[in-house]
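None of these values were measured; they are calculated from a predicted model.
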Amino acid sequence: MIAEERVAAFLVAHHPRSFCDECLAGALGIAPSTGHRAAVKAGRRGGFCREYGVCSDCGESRLVTRASH
C-alpha cells in the first residue's frame with residue numbers, strides 16, 4: 001500500500017478527527033515529507049478535506065486533513 005492509500009485509510013478509520021501532516025506521518029511510521037505529500041494528494045481527491053484547524057493528536061493549530069464522510 002502506498003503512502004497516499006495508507007493516509008486515506010487512516011483518516012477514514014479515524015473520522016471525524018483531523019490530523020496535521022506531522023502527526024499523520026508519525027502515526028503511520030513514514031517520513032514527514034512523505035506524510036505531507038500523501039496528505040496533499042488525499043486532500044485533492046473526493047472524500048477528504050484539507051484546511052486550517054486544530055490537530056486532534058497534538059492539539060496545535062495547523063493545516064490538517066480529515067475524511068469528510
Side-chain angles (χ1 to χ4, degrees):
M1 186 180 293
I2 63 171
E4 180 184 350
E5 293 168 338
R6 292 179 63 201
V7 164
F10 179 85
L11 292 171
V12 168
H14 291 87
H15 178 271
R17 297 175 68 201
S18 300
F19 296 88
C20 69
D21 297 348
E22 288 183 29
C23 289
L24 274 173
L28 296 171
I30 58 178
S33 60
T34 303
H36 169 75
R37 286 191 303 274
V40 168
K41 288 179 182 177
R44 288 182 182 154
R45 59 192 252 199
F48 298 93
C49 181
R50 195 156 159 82
E51 62 192 0
Y52 283 96
V54 176
C55 176
S56 298
D57 196 32
C58 68
E60 295 292 324
S61 183
R62 299 179 172 185
L63 186 59
V64 294
T65 309
R66 64 177 168 80
S68 58
H69 50 38

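- For H15, the ring-ring contact (aromatic ring centres under 6.0 Å, His included) test picks out no residue, with sequence neighbours left out.
- Under the 4.5 Å side-chain heavy-atom criterion for grouping Ile, Leu, Val, Met, Phe, Trp and Tyr, I30 is connected to F48 within one hydrophobic cluster.
- Between D21 and R50, at least one side-chain nitrogen of the basic residue sits less than 4.0 Å from a carboxylate oxygen of the acidic one, meeting the salt-bridge criterion.
- Among all heavy-atom pairs drawn from S18 and R66, the shortest one is OG-CD, 3.3 Å.
- Atoms CG and CD, on D57 and E22 in that order, are 11.0 Å from each other to the nearest 0.5 Å.
- Grouping Ile, Leu, Val, Met, Phe, Trp and Tyr by side-chain contacts under 4.5 Å, direct or through others, leaves V54 on its own.
- Note on L63: it does not cluster hydrophobically with F19, by side-chain heavy-atom contacts below 4.5 Å among ILVMFWY residues.
- In this structure, the side chains of L28 and V7 come closer than 4.5 Å at one or more pairs of heavy atoms.
- Considering CG of L24 and CG of L11, their distance stands at 5.0 Å, rounded to 0.5 Å.
- The minimum heavy-atom distance linking G35 with A25 is given by the pair CA-CB, 4.2 Å.
- The side-chain contact (heavy atoms from CB on, under 4.5 Å) with C20 is formed by just one residue from the set S56, P32, C58; it is C58.
- Y52 places none of its side-chain heavy atoms less than 4.5 Å from the side chain of R62.
- A salt bridge does not link R37 to E4: none of the charged side-chain nitrogens sits closer than 4.0 Å to a carboxylate oxygen.
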